[in-house]
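Comments concern the structure below.
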Protein chains: 2
Amino acid sequence: MSETTPAPDTRSPGGPEAPTPRKRVNRREQILRTAADVFAARGFNNTSLADIAAMLDITPAGVLHHFGSKTDLLTAVLELRDDSDPAPGGSRMLDHLVTTAERNAARPGTTQLYAVLSAESATDRHPAQEWFRDRYTVLRGEIGDAVLDRLGPEHREAASTPGPDGRTPAGAAAAAVIAVMDGLQVQWLLDPEAVDMASVTALVIDALVARLSQED
Amino acid sequence: MSETTPAPDTRSPGGPEAPTPRKRVNRREQILRTAADVFAARGFNNTSLADIAAMLDITPAGVLHHFGSKTDLLTAVLELRDDSDPAPGGSRMLDHLVTTAERNAARPGTTQLYAVLSAESATDRHPAQEWFRDRYTVLRGEIGDAVLDRLGPEHREAASTPGPDGRTPAGAAAAAVIAVMDGLQVQWLLDPEAVDMASVTALVIDALVARLSQED
DNA sequence: GTCTATATTCAGATAGAC
DNA sequence: GTCTATCTGAATATAGAC
């Protein structure tokens, strides 16, 4: 089900941090990518090490040799960022988000992982809680800055002025954009025909930027 | 943690299908409410029948007597709608959504259940998939209508005219509103100080309605 | 460095006592 | 009508063979 990508070993040769692979990309890496696929499709709690192992024709213990525990494997998967399309800074980032939504619909993989796991992480004692809390904090900051960048200079001050609760309009807009993307992913996974992630994301970004460019 | 609602037996007397409750609201009902709380806090896959049973000082089998299986219990929990604040029709519904977001932040219970479970349901073979797919379809319809109601009559036609992909702007806005509410819930659960669900929800609704009231 | 075989814990569900 | 005691299978992790 996950063999959509034909090339098994696609990465730029001469990457900066290849850890001296005298053999070829070690088993560890195969496990990592397989685990990412399976976690994305079934969530963390609902995935067993046997599921992952079966896809590689090994036993569960084979997986555990490379990563000490299932939780460690999850952590490693989350750390494995997808650097194939680095997020640009500044106001270009907002366009990048739409592009990302577009790509996600074509390739239900990488970021489906984040949509499914982030919601799962919000449950008690989930091992990825801290990771996702930090991630959202960073994202809200970056996207908040991107929103400010897109506003006309005359609106920036208002949008970056904290209200009585200490939160800024730009930050609120950033939280909204992230929330829309996550929430849409869930709706789309359940019913792909029903929503167009990219266009709805674009609509919300446009609407929010326009809204922050008014005084009312 | 869950004793927010003081009245344990709130249902209209003379309801059409009261199954002759000679005693008082049966164990079944207690189990149902406890299960809802625990599913909300820990998700479905990560909750064991023992967890639920422990809170009632009984054994897992005690739970299974009332509901044939864990999946049946989940289904029953989902069916148990919270009728304490029925959603109004028409454009009032949008205000109701903001109110709902406000209440959710105060009482992390009922709809936290939906936020956590809906995302979990998007994973393979989850027992609640169909339930959530249907729920989202209905919600998009209702909220789409509410959006149209709020628009000026002169904009309604444009907003309800399907584009080349067969989807209407009002439907897109509806999907966006739902997505924002779900996504915010996740961010809020992970970091309650970081986002104000109600105000962000209001912001997005305002922005979308304003956006759909322009020609561009 | 890689994995098979095994131990241990805990899940969901069944049959039958109260 | 309600639940305790028990069975069966599957989960993660360990110890040690190749």
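By convention in this document, chain letters (A, B, ...) are assigned in the order of the sequence lines, proteins followed by strands, and residues within each chain are numbered from 1.
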Discussion item. Tell me the interatomic distance from L49(B), atom CG, to dT4(D), atom C1', rounded to whole angstroms.
Written reply: 15 Å
Practice prompt. Return the set of residues passing side chain to side chain contact (heavy atoms under 4.5 Å, CB included) with T201(B) (not counting sequence neighbours), or none when no residue passes.
Written response: V98(B), A101(B), M181(B), L184(B), I205(B)
Item to complete: Determine: side-chain N/O of R28(B) to OP1/OP2 of dG1(D), distance under 4.0 Å, yes or no.
Response: no
Response to the item:
Minimal heavy-atom distance between G90(B) and D149(B), with the atoms involved, is CA-OD2, 3.2 Å
Discussion item. Need one value for L64(B): base, sugar-phosphate or nothing, where a base atom within 4.0 Å counts as base even if backbone is also close, heavy atoms only.
Written reply: base
Worksheet item: Which pairs pass salt bridge (charged side-chain N to carboxylate O under 4.0 Å, His left out) with one or both residues in residues 163-179 of chain B, sequence neighbours excluded?
Response: D165(B)-R167(B)
Worksheet item: For A61(B), what residues pass the side chain to side chain contact (heavy atoms under 4.5 Å, CB included) criterion, not counting sequence neighbours?
Response: T59(B)
Fill in: Listed partners of D72(A) passing side-chain hydrogen bond (donor to acceptor under 3.5 Å, both in side chains), at least two apart
none
Give each protein N/O atom lying under 3.5 Å from an N/O atom of nucleotides 4-7 of chain C, with the pair distance.
from   : atom 1 : to     : atom 2 : distance (Å)
dT4(C) : OP2    : T59(A) : N      : 3.4
dT4(C) : OP2    : T59(A) : OG1    : 3.0

Discussion item. Strictly by ring-ring contact (aromatic ring centres under 6.0 Å, His included), give each pair with a member in residues 47-70 of chain B just once, sequence neighbours left out.
Written reply: none
Worksheet item: Looking at residues 65-76 of chain B, who's got a heavy atom less than 4.0 Å off DNA chain D?
Response: H65(B), H66(B)
Worksheet entry | Rounded interatomic separation in angstrom, taking CG from N45(B) and P from dC10(C) | 18 Å
Item to complete: Would you mind reading off the distance between I52(A) atom CD1 and dT12(D) atom C1', rounded to a whole angstrom?
Response: 12 Å
Worksheet item: Should the ring pair Y114(B) and F132(B) be called parallel, tilted or perpendicular, given that the plane angle runs from 0 to 90° and is split at 30 and 60?
Response: perpendicular
Worksheet item: According to the Watson-Crick and G-U wobble definition with distances under 3.5 Å, which dot-bracket string, read 5' to 3', encodes DNA chain C, using [ ] for crossing pairs and | for pairs with another strand?
Response: ||||||||||||||||||
Worksheet, complete the sentence: Rounded to whole Å, CG of D51(B) lies from P of dA11(C) at a distance of 7 Å
Worksheet entry | Length of the line joining N46(B):CG and dA11(D):P, which is rounded to integer Å | 15 Å
Practice prompt. Could I get the full list of side chain to side chain contact (heavy atoms under 4.5 Å, CB included) partners for P127(A), not counting sequence neighbours?
Written response: F44(A), T71(A), L74(A)
Fill in: By side chain to side chain contact (heavy atoms under 4.5 Å, CB included) - contacts of D57(A) (at least two apart)
none
Discussion item. Suppose the criterion is salt bridge (charged side-chain N to carboxylate O under 4.0 Å, His left out): which pairs have a residue in residues 182-208 of chain B, not counting sequence neighbours?
Written reply: R140(A)-D191(B), R211(A)-D206(B)
Worksheet item: Looking at residues at least two apart in the chain, or sitting in another chain, which of them share a side-chain hydrogen bond (donor to acceptor under 3.5 Å, both in side chains) with S118(A)?
Response: Y136(A)
